[in-house]
Structure formats: structure tokens, C-alpha cells
Amino acid sequence: MKQKNVLQKNNITMWSEEKIDRFRQTLLNWYDESKRDLPWRETTNPYYIWVSEIMLQQTQVDTVIPYYNRFIKTLPKISDLAEAPEETLLKLWEGLGYYSRVRNMKVAAIQIQKDFEGKFPENHKDVLTLKGIGPYTAGAVTSIAFNQTQPAVDGNVMRVLSRLFEIDLDISKVSTRKVFEEIIRHLIDPERPGDFNQALMDLGATICTPKNYFPETSPVKEFNASYLNETWEKYPVKKKKTKVTEKTFYTLMIKNEKDEYLYEKRPSKGVLAGMFTPIMINQETFKEQGWKLFNEEDDYNSIVRELEQYIAEVYKLKIKMNSQPKGILKHVFSHIKWEMIVFEALALEDNARFENLKWIHMSQFDKEMFPVPTQKVNNLVETLTLF
DNA sequence: AACCCGTGGTT
DNA sequence: TAACCAAGGGT
């Protein structure tokens with residue numbers, strides 16, 4: 001029995017060597033003329049390439065640029081990253097999201113100091129051992145910084161290739177990436193692998209986009225089977241996401257006599273792990289615990305009395321809440337939607353002394369790292385007069 | 001394999 | 001507006 005390779009299994013016919021050569025030339029010529037000027041394209045320093053690739057995970061180029069510039073300016077060497085306190089790193093990352101990315105980078109920087117004598121590893125397998133670096137990022141860094149012929153298959157590349165070859169595999173599945181990597185191993189330019197990978201991504205980001213895709217404007221349209229067959233609207237195939245769940249929180253901005261506000265550090269796992277928010281009480285959990293004498297509608301009086309009692313019992317803190325919410329804020333995550341019913345409150349005695357609680361004065365807000373939902377609450381409260 | 005993890009921009 | 005999307009990785 002003859003063993004079928006990955007491409008044969010998926011009914012993908014690879015181009016001839018001659019066609020592959022023409023494709024490389026066409027794509028790289030287009031890239032040389034049309035590539036975007038990006039700060040991380042001014043260097044081959046693997047550390048800087050690494051930083052950019054981590055920031056670019058699930059994040060748009062325009063968002064990343066200022067973060068990237070500030071990050072490498074503040075921490076110009078891997079050793080700086082390895083030695084930086086977590087608060088410094090989180091402040092540099094504030095607003096970018098997916099905060100485990102920067103925590104993992106610190107872990108990886110320490111790995112590099114320990115296992116690779118402080119020098120970013122060149123071996124692809126070594127790179128993959130670094131925390132937070134997966135198949136895409138390993139391929140990106142080794143191809144761009146070290147000119148290795150490694151595939152770097154991201155969402156752009158899968159979209160471009162699925163249209164070029166009319167591939168109907170579901171690109172939301174992790175296993176699909178391997179098929180596209182095999183295609184890239186055939187196509188990648190051995191002289192300029194990093195540029196080749198980046199060219200495909202630029203093409204996906206600027207021309208071969210998800211929407212507003214006009215294939216006749218593509219520099220490689222003659223290679224595009226879905227264009228020639230007028231089937232491009234079918235690609236890429238992507239399973240729809242499940243709906244986001246909604247959660248409602250009574251959110252308490254508690255102020256003491258020193259005009260400081262009370263924040264609570266979230267658990268080390270889960271959403272916004274280890275970050276500060278005001279005290280947030282999940283409405284559902286609250287009800288389940290038997291605090292249910294209130295009815296909703298526009299009368300918050302009974303809710304407020306219960307919340308005051310709850311804070312006294314759970315946090316050992318006497319507070320006086322305003323009887324009406326200051327506002328209702330919404331924040332959408334990738335998979336959750338928060339509704340925050342924000343109340344202002346005064347601490348009648350400053351005896352909240354739990355480890356996870358922290359009083360912070362408004363004048364220190366810009367020095368603290370706050371996730372965006374907390375920033376929204378802060379902004380709301382900054383506009384109000386308490387009592 | 002399926003789900004978790006932020007945020008901002010578009011349609 | 002709800003849904004979708006963006007240079008993914010960890011568990």
C-alpha cells in the first residue's frame with residue numbers, strides 16, 4: 001500500500017515547480033513594492049521580532065505599534081524583560097488584552113537566560129520550548145530573524161491559501177493548520193523565507209481580506225483557483241462561534257475618608273487573572289446564596305440594603321451605598337459579556353484588611369495597571385459627586 | 001478537541 | 001445591534 005501524504009489525503013494538488021517559482025517571484029515583487037512600513041521590519045533582532053509577534057497575536061497592527069515601540073524602548077534587552085517586575089510588564093501591556101501573553105514572555109525570558117545563555121535560540125525545536133511560543137510564532141521568528149524555511153501559518157495565511165487552492169477545511173480547527181504548513185513547505189522561497197511568510201500575511205491583511213475582498217486586484221490572481229473558478233466567496237470555511245454568555249454584577253466603588261477607592265485583586269486563574277476591579281458581586285451567585293428578597297425594576301432600595309449587609313458580612317466592612325446606581329456599564333470580552341451596575345458607596349470605617357483588597361487614590365490611577373472594565377468604572381466615578 | 005483568554009474596529 | 005474579525009497559545 002502506498003502511503004498518502006497530507007496533501008493527497010485532502011485532495012490538494014501541488015503546483016509544478018515552474019508555477020511555484022513564478023508564484024514566489026510575483027508575490028515577493030509585490031511585497032517589495034507594497035509592503036507596509038512597520039517598526040519591527042527595521043530590525044532582525046530576534047528579541048524584537050519575538051515581542052512584535054506576541055503582541056500581534058489576535059491583535060491588529062495599528063493597535064500594536066505604540067505598545068511595541070514603548071516596550072522595546074523600556075526593555076531593550078532580553079535580560080531587562082527577565083528581570084522586570086510583573087507590575088512593570090502589566091503596565092506596559094495595559095489595554096492590549098490577553099495578559100497571560102506578557103506573563104509568559106517573562107517566563108520565556110528567564111528560560112532563555114537559564115537554558116540558552118541569554119541568547120534567543122535559533123533552533124526551531126528550542127524556540128518551541130519557550131512559554132507562549134507556539135507553531136505560528138516559532139515559525140515567524142525563525143523565518144524572519146534567522147532566515148529559516150519554516151512555515152508561519154496564521155489566520156491570514158490560511159485565508160489566502162484556502163482561496164488559492166479552494167480548500168474547504170474548517171480553519172477554526174487546530175488540526176487544519178498542519179495541512180497549510182505542508183503547502184507552505186512546498187511554496188516557501190528558500191532564499192527569502194521570512195519575506196515570503198510576511199508577504200502572504202500582508203496580502204491577507206491588505207487585499208485578500210475576509211470582507212471587501214476584490215480578487216481581481218490581487219497580484220497573484222492568476223494563481224488563485226477560487227478566482228478563476230469564481231468560487232472565492234466560499235472560502236475560507238470557518239465554523240461559527242458559540243454565543244457569548246452574559247453576566248451581571250453589582251459593582252461597588254467604595255470610597256474612604258482619604259478619598260481612596262477600594263479594589264479587589266481577582267483570582268490567579270480565569271478572566272482578568274490577578275488584576276484589580278472594584279468589588280463585583282455576581283447577580284446570579286448573589287441570588288443563589290439566598291439574598292433574594294429584592295425585586296428588580298426601578299426600586300433598588302432593598303437591593304442596596306442587602307448589598308450593604310453582604311459587604312459587612314463577607315468583607316467585614318461597614319459601608320453606606322447611594323440608593324441609586326450611578327450608571328450601568330457594559331464590557332464585551334471574546335466569550336463573555338459583562339454588565340456592571342455601578343453603585344457609589346462610602347466606607348464608614350476603614351477596616352477592610354484582606355490581602356486581596358487595595359485602597360487607591362484617584363491621583364494614582366495612571367500609575368496603576370487597570371484592565372479596561374475597571375477603567376470604565378473609574379471614568380464613570382470620576383465624573384460624579386459623591387453624596 | 002473544545003474551551004478559555006481582552007480589546008478595539010467594522011459591518 | 002449582534003456578529004465577526006485581528007501576525008494564537010495554553011490547558
Side-chain angles (χ1 to χ4, degrees), chain A residues 35-36 38-41 49-68 90 93-105 107-108 127-141 143-145 150-160 170-178 180-181 184 194-206 208-213 236 238-246 266-275 277 330-338 369-376:
Chain A
K35 69 176 175 185
R36 295 171 289 176
L38 302 172
W40 45 90
R41 287 183 174 165
I49 305 293
W50 172 37
V51 171
S52 74
E53 291 299 341
I54 299 296
M55 287 186 172
L56 285 162
Q57 290 172 3
Q58 301 290 283
T59 310
Q60 312 224 50
V61 165
D62 290 345
T63 305
V64 165
I65 290 173
Y67 282 93
Y68 168 84
L90 287 171
W93 214 264
E94 182 183 42
L96 256 189
Y98 287 143
Y99 298 100
S100 65
R101 289 184 292 176
V102 70
R103 290 173 168 143
N104 287 341
M105 276 214 301
V107 173
V127 176
L128 268 177
T129 66
L130 298 174
K131 188 90 170 177
I133 295 192
Y136 163 75
T137 306
V141 176
S143 67
I144 296 170
Q150 294 287 350
V153 174
D154 72 333
N156 285 312
V157 173
M158 289 197 284
R159 182 171 60 255
V160 170
D170 181 357
I171 67 166
S172 68
K173 291 180 132 183
V174 178
S175 57
T176 301
R177 194 201 64 250
K178 296 182 193 299
F180 290 102
E181 284 175 348
I184 295 297
D195 285 345
F196 182 89
N197 284 336
Q198 293 187 87
L200 278 183
M201 291 190 272
D202 259 27
L203 185 68
T206 62
C208 191
T209 54
K211 295 166 185 173
N212 297 328
Y213 171 46
K238 193 172 186 181
K239 190 185 66 198
K240 284 178 184 165
K241 278 184 197 165
T242 52
K243 210 175 165 185
V244 300
T245 58
E246 302 188 18
R266 298 176 58 78
S268 58
K269 291 184 189 283
V271 179
L272 300 178
M275 333 215 76
T277 67
K330 295 182 191 304
H331 185 78
V332 182
F333 298 90
S334 50
H335 55 301
I336 313 169
K337 195 182 288 185
W338 278 6
M369 189 285 175
F370 288 126
V372 170
T374 303
Q375 292 176 15
K376 290 180 179 175

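Lettering of chains follows the sequences in order, A, B, ..., and the numbering in each one begins at 1.
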Please check if the side chain of A:Glu94 supplies one atom and the backbone of A:Phe370 the other of a donor-acceptor pair under 3.5 Å. yes
Could you run down the sub-3.5 Å N/O contacts of the protein with nucleotides 1-5 of chain C?
none

Side chain of A:Asn104: nearest nucleotide among B:dC5, C:dA7, C:dG10? C:dG10
Side-chain atoms of A:Asn156 come closest, of C:dG8, B:dT7, C:dA6, to C:dA6
Check: C:dG9 base within 3.5 Å donor-acceptor of A:Ser100 side chain: no
Base, sugar-phosphate alone, or nothing: which one does A:Gly204 contact when heavy atoms must sit under 4.0 Å apart? nothing
Look at the side chain of A:Arg36 against the base of C:dA7 and say whether a donor-acceptor pair falls under 3.5 Å; ignore hydrogens and angles. yes
Would you indicate, yes or no, if C:dG9 has its OP1 or OP2 atom less than 4.0 angstrom from a side-chain nitrogen or oxygen of A:Thr137? yes
Out of B:dT7, C:dA7, C:dG8, minimum distance to the side chain of A:His331 belongs to B:dT7
For A:Gly134, does its backbone N or O pair with a side-chain atom of A:Thr137 as donor and acceptor, under 3.5 Å? no
Please measure how far the P atom in B:dT11 lies from the corresponding atom in C:dA7, and state the result in whole Å. 15 Å
Is any side-chain heavy atom of A:Tyr68 closer than 4.5 Å to one of A:Val51? yes
To the nearest Å, how far apart are A:Gln58 CD and B:dC4 P? 15 Å
Any side-chain heavy-atom pair from A:His331 and A:Lys376 closer than 4.5 angstrom? yes
Choosing from B:dT7, C:dA7, B:dC5, which nucleotide comes nearest the side chain of A:Tyr98? B:dC5
Return the value, rounded to whole Å, for the distance between atom NE2 of A:His335 and atom C1' of B:dC4. 5 Å
Have a look at A:Ala152 and say if it touches a base, only the backbone sugar-phosphate, or nothing, with a 4.0 Å heavy-atom cut-off. nothing
Whole angstrom value for the distance that separates P of C:dG10 from CZ of A:Arg103: 15 Å
Distance in angstrom units between A:Met55 CE and B:dC5 P, rounded: 22 Å
No-hydrogen, no-angle side-chain donor-acceptor test under 3.5 Å, A:Glu53 and A:Tyr136: yes
So what is the 5' to 3' dot-bracket string for DNA chain B, if pairs are Watson-Crick or G-U wobble with both distances under 3.5 Å, crossing pairs use [ ] and | means the partner sits on another strand? .||||.|||||
In terms of side-chain heavy atoms of A:Val372, which of B:dC5, C:dG8, B:dG8 is nearest? B:dG8
Provide, to the nearest angstrom, the distance between the CZ atom belonging to A:Arg41 and the P atom belonging to C:dA7. 12 Å
For A:Ser52 and for A:Gly132, find the nucleotide of DNA chain C with the closest heavy atom, then tell me which residue's nucleotide is more 5'. A:Ser52
Looking only at heavy atoms, what is the nearest atom pair of A:Asp154 and A:Val157, with distance? OD1-N, 2.9 Å
Are any of the side-chain heavy atoms of A:Arg103 and A:Leu90 separated by less than 4.5 Å? yes
Which value, rounded to the nearest 0.5 Å, describes the distance between A:Leu56 atom CG and A:Trp40 atom CH2? 4.5 Å
5' priority, DNA chain B, between A:Lys239 and A:Pro373 [closest heavy atom]: A:Lys239
Distance between C1' atoms of B:dG6 and C:dC4 (Å, rounded): 16 Å
Scan A:Leu38 against the nucleic acid and name what it touches under 4.0 Å (heavy atoms): base, sugar-phosphate only, or nothing. base
Between A:Asn212 and A:Phe333, name the one whose nearest nucleotide on DNA chain B is closer to the 5' end. A:Phe333
Considering only side-chain heavy atoms of A:Leu272, which listed nucleotide, B:dG6, B:dA1, C:dA7, is closest? B:dG6
To the nearest angstrom, how far is A:Ile133 atom CD1 from C:dG10 atom P? 9 Å
Supply the atom-to-atom distance A:Met369 CE to A:Met275 CE, rounded to the nearest 0.5 angstrom. 3.5 Å
A:Lys269 NZ to C:dG10 C1', in whole Å, measures 10 Å
Length of the line joining A:Met158:CE and C:dA7:P, which is rounded to integer Å: 11 Å
Have A:Thr59 and A:Arg101 got a donor and an acceptor in their side chains that come within less than 3.5 Å? yes
Side chains of A:Asn156 and A:Arg159: is there a donor and an acceptor less than 3.5 Å apart? yes
If only side-chain N and O atoms of A:Asn197 are considered, is one of them under 4.0 Å from the OP1 or OP2 phosphate oxygen of C:dA7? no
Base, sugar-phosphate or nothing for A:Trp40? Non-hydrogen atoms, less than 4.0 Å. base
